[in-house]
Chemist: 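Take a look at this one; I'll ask things after.
Just so it is clear, the structure is predicted and the values come from calculations on it, not from any experiment.
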Amino acid sequence: MILPPSLPSPRETTAPLAQGVAVILAVLATLPGTPGVYRMINVKGDVLYVGKAKSLKKRVVAYTKPDRLPLRLQRMIAETASMEVVTTHTEVEALLLECSLIKSLGPRYNILLKDDKSFPHILVTDDHDWPQVMKHRGARTRKGQYFGPFASAGAVNQTLAALQRAFLLRSCSDSMFASRTRPCLLFQIKRCSAPCVERISRDDYHALVEGARAFLSGRSQRIQRDLATAMEAASEAMEYEQAAVLRDRIRALARIQAHQDINPAEVEEADVVALYQAGGSVCVQVFFFRSGCNYGNRAYFPIHTQDAEPPEIMAAFLGLFYADKAPPAEILVNVEPAEAAIVAQALTEKAGRKVVVARPQRGDKVKLVEMAADNAREALGRRLAESGAQRQLLDGVAAAFGLDAPPERIEVYDNSHIQGSDAVGAMIVAGPDGLMKNAYRKFTIKSAEIAPGDDFAMMREVLTRRFTRAQKEDPDQDKGLWPDLVLIDGGQGQLNATLGVLAELGIDDVAVVGIAKGPDRNAGHERFFMAGKPPLTLEARDPVLYFLQRLRDEAHRFVIGTHRARRSKGLTQSQLNDVPGIGAKRKKALLHHFGSAREVAAASPEDLEAVEGISRTMARKIHDHFHPEEAGKGD
């Protein structure tokens, strides 16, 4: 059941508190006493707050007495122009819907997770005769067994490297596997058993696969005992080379366990979640334990928590954190969440099996929670210290460039291309909390009218697209999408191009600075260009100069990475597309045989002719396409 929103008369963006209360009272008259979710909406249609209730009527009535509420909620009520309500059958359904809406809408007055990224897993595939072990992130669309989550890609890479040493499983793609005619380097360095060229029997390879699965499932002691027994048997039979291989595999397994740090015997599958609050900020540390092993930890810093109590924050964190992740069987916390029974029931319903949320009182589990809490306290201390230093740097930027106030959002732009080809632009963003990587953007240069290598035209296209979109999505500049300062990698020419774009769009309230390297492009001698002012230089040891250099270098790193990825993709996709007579079927056959377009380009006519569907004439045509200087020599 969806109740129609109230429609008060138009008003200013910040409505008086009394008018907001009047809006809520009008909706309250029609509210049922059943569970549901309500949304507070401002005059522009933006959702300010999403809440859930066991009884909508009893919960919403609290907003009609704002003098009893924190200032944050009083401001929210003052901005409320309408409300929308969805009733649900149970409070658990209301909680699940609330978390989903908060995740998708990001309301300004809710506790939010802005750095909530997906976690990598290890996948052992099941859709190939010779299973592959690989890193996986995202939706589980491929058939196989997934192990994780791991706290970081680094933790996955370390484990994969050790697994390759211990079980010699292939990590190559299926297309590369199919194209191999001889073992690759991984076989030579004893990281793979070379199933691609059948240096190992199918049964023996599958035994290795099952061993890897058993190890990742927590049965490491049994695997190591079996390997130790086999090593001793090989040694007694004087098969010393085989014994050495088994010894190396045992060492690799031990290396994985050494990286686990803490492996509590009584914790099989659990997340340890600890919260620490200080200085108006909060840090939540999450440690991941799967199959009795520690898969690492990650720190989170929820926002909009200044006047929230720890149980409320913990409940909101658990709901948001597991909104798009499968919860484990057990969640250990240092702060019992508000409405703990409802939270546990909602997670149980989401997982399709029982999920326990508990605050342990004794044993190893208490030590785990205390360790996580210590990490949360230390991480928050570091963040507060870094935030203070960042604020000082932003104050210095404002002083150096004569800004009215320290910038809350700095955008830095750069372009990259090779003789005009694969041209891309990029934007990085920084603010009081450091680099805002979720706000980074890539721009593929699309205009066919831009001459190859015309950096000014590229910059104009990038900035036109960026600010045209900002005008469309945030016309009133109140959503935090507009920069206070734009940094351009370049001198007076790039500055003029940028100012021209902003003038055409009618934008005159964004500060723009060009940053150009000094003589011989030496770092430390940068000159800064601003409209109507002579070029500025900063002292060589000025921390503000180092800060601006880091921003410029980060933009350069990001755009170069974007360009290389695009160029690499072009090399693997477009080269074959340009060969006359090569359709999808022949292209697929070539890629399966050689593994990449680069290898196709390097192949001889005889090697090309060996591919199914490639005649002698077609092989010569392909070879001549990539080697025009040799065209006709083989006729």
Side-chain angles (χ1 to χ4, degrees), residues 95 111 113 115-116 119 147-152 155 159 216-221 256-279 281-302 305 308-322 325-348 350-351 353-384:
L95 177 57
I111 295 172
L113 287 181
D115 55 352
D116 188 16
F119 294 98
F147 300 92
F150 289 80
S152 66
T159 303
L216 289 169
S217 298
R219 301 192 292 276
S220 58
Q221 298 299 325
I256 297 177
Q257 293 174 321
H259 282 296
Q260 304 297 348
D261 299 324
I262 297 174
N263 301 294
E266 60 181 85
V267 176
E268 178 67 18
E269 179 186 348
D271 287 347
V272 179
V273 183
L275 180 152
Y276 185 80
Q277 188 175 34
S281 299
V282 168
C283 176
V284 180
Q285 278 276 356
V286 184
F287 280 73
F288 306 98
F289 293 90
R290 298 294 185 272
S291 304
C293 295
N294 177 11
Y295 281 175
N297 62 294
R298 187 181 291 186
Y300 292 87
F301 302 91
T305 59
E309 294 298 320
E312 178 190 353
I313 299 170
M314 179 63 78
F317 177 86
L318 294 177
L320 293 174
F321 186 73
Y322 294 110
K325 303 176 183 68
E330 189 173 25
I331 300 172
L332 306 177
V333 297
N334 70 330
V335 174
E336 186 169 307
E339 302 177 310
I342 298 297
V343 171
Q345 191 176 347
L347 294 176
T348 295
K350 176 176 177 55
R353 52 177 168 73
K354 186 173 179 59
V355 175
V356 176
V357 180
R359 182 182 180 186
Q361 302 298 322
R362 62 183 64 86
D364 286 345
K365 293 181 179 180
V366 170
K367 295 179 182 178
L368 289 178
V369 170
E370 290 175 348
M371 175 195 67
D374 289 341
N375 278 269
R377 184 185 68 252
E378 293 171 3
L380 182 59
R382 289 192 299 270
R383 184 172 178 98
L384 291 175

Chemist: To the closest 0.5 Å, what do you measure between CG (L216) and OG1 (T159)?
Modeler: 8.0 Å

Chemist: Ignoring hydrogens, what is the shortest heavy-atom contact between L368 and V272? Give both atom names and the distance.
Modeler: O-CG1, 3.8 Å

Chemist: Does E339 have any side-chain hydrogen bond (donor to acceptor under 3.5 Å, both in side chains) partners at least two apart in sequence or in another chain, and if so, which?
Modeler: K52

Chemist: In sequence, state the C-alpha distance, the side-chain angles, and the governing distance for L380 and F301, and then conclude on side chain to side chain contact (heavy atoms under 4.5 Å, CB included).
Modeler: CA-CA 8 Å; L380 182 59; F301 302 91; 4.3 Å; yes

Chemist: Could you give me the CA-CA distance, side-chain angles and deciding distance for L113 and F317, then say whether side chain to side chain contact (heavy atoms under 4.5 Å, CB included) is met?
Modeler: CA-CA 8 Å; L113 287 181; F317 177 86; 3.7 Å; yes

Chemist: Please enumerate all residues that pass side-chain contact (heavy atoms from CB on, under 4.5 Å) together with P310, with sequence neighbours excluded.
Modeler: L275, Q277, V335

Chemist: Any heavy-atom pair between the side chains of P149 and R290 that's under 4.5 Å?
Modeler: yes

Chemist: Got a sec, which residues hit salt bridge (Lys or Arg N to Asp or Glu O under 4.0 Å) with R353, two or more places apart in sequence or on another chain?
Modeler: E269

Chemist: Considering non-hydrogen atoms only, spot the tightest contact between P302 and I111 and give its length.
Modeler: CB-CG2, 4.0 Å

Chemist: The test is side chain to side chain contact (heavy atoms under 4.5 Å, CB included); show your working for V284 and F321 and say whether it passes.
Modeler: CA-CA 11 Å; V284 180; F321 186 73; over 6 Å; no

Chemist: Are the side chain of R298 and the backbone of V286 linked by a donor-acceptor contact shorter than 3.5 Å?
Modeler: no

Chemist: Could you list the residues that satisfy side-chain contact (heavy atoms from CB on, under 4.5 Å) with A270, not counting sequence neighbours?
Modeler: V267, E330

Chemist: Run the side-chain contact (heavy atoms from CB on, under 4.5 Å) test against A373 and tell me which residues pass, sequence neighbours left out.
Modeler: A274, N334

Chemist: Against F119, only a single residue in F147, F288, Y322, Y295 fulfils ring-ring contact (aromatic ring centres under 6.0 Å, His included); can you say which?
Modeler: F288

Chemist: Mind checking ring-ring contact (aromatic ring centres under 6.0 Å, His included) for F287 and listing every partner two or more places apart, or none if nothing turns up?
Modeler: none

Chemist: To the closest 0.5 Å, what do you measure between CD (Q345) and NZ (K354)?
Modeler: 9.5 Å

Chemist: N297: which residues meet the side-chain hydrogen bond (donor to acceptor under 3.5 Å, both in side chains) condition with it, sequence neighbours left out?
Modeler: Q285

Chemist: Ignoring hydrogens and angles, tell me if any N or O in the side chain of T305 forms a donor-acceptor pair with the backbone of S281 under 3.5 Å.
Modeler: no

Chemist: If the condition is salt bridge (Lys or Arg N to Asp or Glu O under 4.0 Å), which residues does R377 pass it with, not counting sequence neighbours?
Modeler: D374

Chemist: Would you please name every residue forming a salt bridge (Lys or Arg N to Asp or Glu O under 4.0 Å) with E312, sequence neighbours left out?
Modeler: none

Chemist: Just to verify, what does A338 make a side-chain contact (heavy atoms from CB on, under 4.5 Å) with, not counting sequence neighbours?
Modeler: P311, A315

